[in-house]
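Worksheet for the structure shown next.
Atoms within each ligand, like the ligands themselves, are counted from 1 in listed order. Side-chain atoms are counted along with the backbone in the values below, which use heavy atoms only and exclude waters and symmetry mates.
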Amino acid sequence: MAVAGIPPEPPDVLVTSRPLDEYCALFDLTRAQLAALPGPLLDCPGGAAGLAAEARDLGCRVIAADPAYALPLPVVADRALAARAAMADAMAARPFLYPSTLPHRPERYLRSWDRARRLFAADSAAHPQRYVAAALPRLPFADGTFALTLSGYLLFAYPELFGPEHQLAALAELVRVTSPDGEVRVQPLHDGRGRRCGHLDPLRYALGECRIASEVRRFPRAEDGRTRRVLVLRAADRRRRADM
Ligand SMILES: C[S@@+](CC[C@H](N)C(=O)[O-])C[C@H]1O[C@@H](n2cnc3c(N)ncnc32)[C@H](O)[C@@H]1O
């Protein structure tokens, strides 16, 4: 799992461990859509998610990329446990920021993270090739490798680490490694305190200048019907196979 030369992630970035169902809710995806993907899915950052392990059972191949994978597995697991504790504290201190946990008691929600973390630990030990140590804005994958790329809780969640230039470079890199027929989905579009990204429009304009089409897709959260937003990116000059 470890790859030399990749610096570990900054310690103040949480290594979270979400399960597949939470990914589906956050990115407006269904299990059926994952099962039908025509190619592999990239999860960057992968954190200690259960996604790769769970999606394989659907027939969906997932590669997770994260600088934390340069660390030994027990250290990643410790970081994920620390993230769970931080999340428990945050939910207790500011419950209004975590409406997605409302239908469940926080403890039940966090138990889903425990399960995902155990799946990650087992899967990354058994299949280390699925977990690639890499840090945005540079990924070690060829152009167009992935049918779908997901990027959650990083680029807009930590504005102190990712300024506009860094975000632009990272988003362009995610598009580069994604098939011209596929798409990149990024969420959330706010920081850890719920503050929306204030430069989303100029950032989308800059993406357009790089020939990347963007859309802010809005969909209702199943829990309470409130709107969730995902940034969807595609290579603007993609040529479909039928045209080639
Ligand atoms: C809050 S977790 C998000 C994990 C997962 N996507 C999720 O939604 O739960 C943030 C992750 O970003 C990783 N990270 C930090 N810097 C990164 C970078 N430059 N490129 C890719 N991942 C990075 C951290 O190691 C950490 O695992």
Side-chain angles (χ1 to χ4, degrees), residues 1-3 5-29 41-55 62-73 75-88 90-91 97-98 100-101 109-110 112-117 119-121 123-124 131-141 148-163 165-174 176-177 184-193 228 230-231:
M1 176 157 112
V3 171
I6 303 291
E9 86 292 354
D12 47 352
V13 177
L14 298 180
V15 179
T16 45
S17 53
R18 296 173 209 280
L20 178 145
D21 284 338
E22 189 174 357
Y23 266 78
C24 285
L26 292 169
F27 288 100
D28 193 25
L29 287 166
L41 181 158
L42 173 65
D43 182 25
C44 178
L51 178 71
E54 293 180 274
V62 177
I63 296 294
D66 195 302
Y69 303 155
L71 299 166
L73 253 184
V75 179
V76 180
D78 284 351
R79 295 262 173 104
L81 259 183
R84 185 217 199 268
M87 188 64 172
M91 285 194 298
L97 281 182
Y98 301 96
S100 60
T101 64
Y109 173 72
L110 290 171
S112 75
W113 281 31
D114 293 336
R115 187 177 149 273
R117 193 179 62 248
L119 285 171
F120 163 80
D123 195 57
S124 57
Y131 297 86
V132 177
L136 288 165
R138 287 185 65 122
L139 298 176
F141 307 114
L148 176 66
T149 294
L150 305 179
S151 185
Y153 287 98
L154 180 66
L155 296 178
F156 296 96
Y158 295 92
E160 64 281 15
L161 297 177
F162 284 87
E165 290 299 319
H166 202 173
Q167 286 169 332
L168 178 63
L171 293 170
E173 181 70 347
L174 292 170
R176 180 189 69 76
V177 301
V184 176
R185 298 190 189 189
V186 184
Q187 67 77 38
L189 307 182
H190 56 73
D191 69 11
R193 291 187 168 270
R228 207 188 281 289
V230 172
L231 181 64

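Taking the six-membered ring where tryptophan is involved, the planes of Tyr23 and Phe27 are essentially parallel, since the angle between them stays under 30° and well short of 60°.
Partners of Asp21 under the side chain to side chain donor-acceptor pair (under 3.5 Å) rule, at least two apart in sequence or in another chain, are Arg31. Under the side chain to side chain contact (heavy atoms under 4.5 Å, CB included) criterion, Ala65 pairs with Leu42, Cys44, Ala134, Phe141, sequence neighbours left out.
At a heavy-atom distance under 4.0 Å, atoms from both the backbone and the side chain of Leu136 approach ligand 1. With a 4.0 Å cut-off on non-hydrogen atoms, Leu154 touches ligand 1 through its side chain and not its backbone. By the criterion of a heavy-atom distance under 4.0 Å, neither the backbone nor the side chain of Tyr69 is placed next to ligand 1.
Taking the charged nitrogens against the carboxylate oxygens, Arg228 and Asp28 have no contact shorter than 4.0 Å, which rules out a salt bridge.
Under the 4.0 angstrom criterion for non-hydrogen atoms, Pro67 is in contact with ligand 1.
Between Leu171 and Val184, every side-chain heavy-atom pair lies at or beyond the 4.5 Å cut-off.
Comparing Asp43, Leu139, Thr16 by heavy-atom distance to atom 9 (O) of ligand 1, the nearest is Thr16. Considering each of Leu161, Asp66, Leu155, Leu14, the one bringing a non-hydrogen atom nearest atom 1 (C) of ligand 1 is Leu14. Taking each of Ala157, Pro45, Gly192, Gly47 in turn, the one with a heavy atom nearest to atom 6 (N) of ligand 1 proves to be Pro45.
The minimum heavy-atom distance linking Glu54 with Arg115 is given by the pair OE2-NH2, 3.4 Å. Leu139 approaches Arg176 most closely through the heavy-atom pair O-NH2, 3.1 Å.
Applying the 4.0 Å criterion to heavy atoms of Ala68 picks out, from ligand 1, the atoms 25 (O). Which parts of ligand 1 touch Phe162 is read off a 4.0 Å heavy-atom cut-off, strictly below it: atoms 19 (N).
Distance alone, capped at 3.5 Å, is enough to place a donor-acceptor pair between the Asp66 side chain and the Gly47 backbone.
At under 3.5 Å, not a single nitrogen or oxygen of Ser17, backbone or side chain, sits near a nitrogen or oxygen of ligand 1. Looking at Gly152 next to ligand 1, an N or O pair under 3.5 Å apart turns up.
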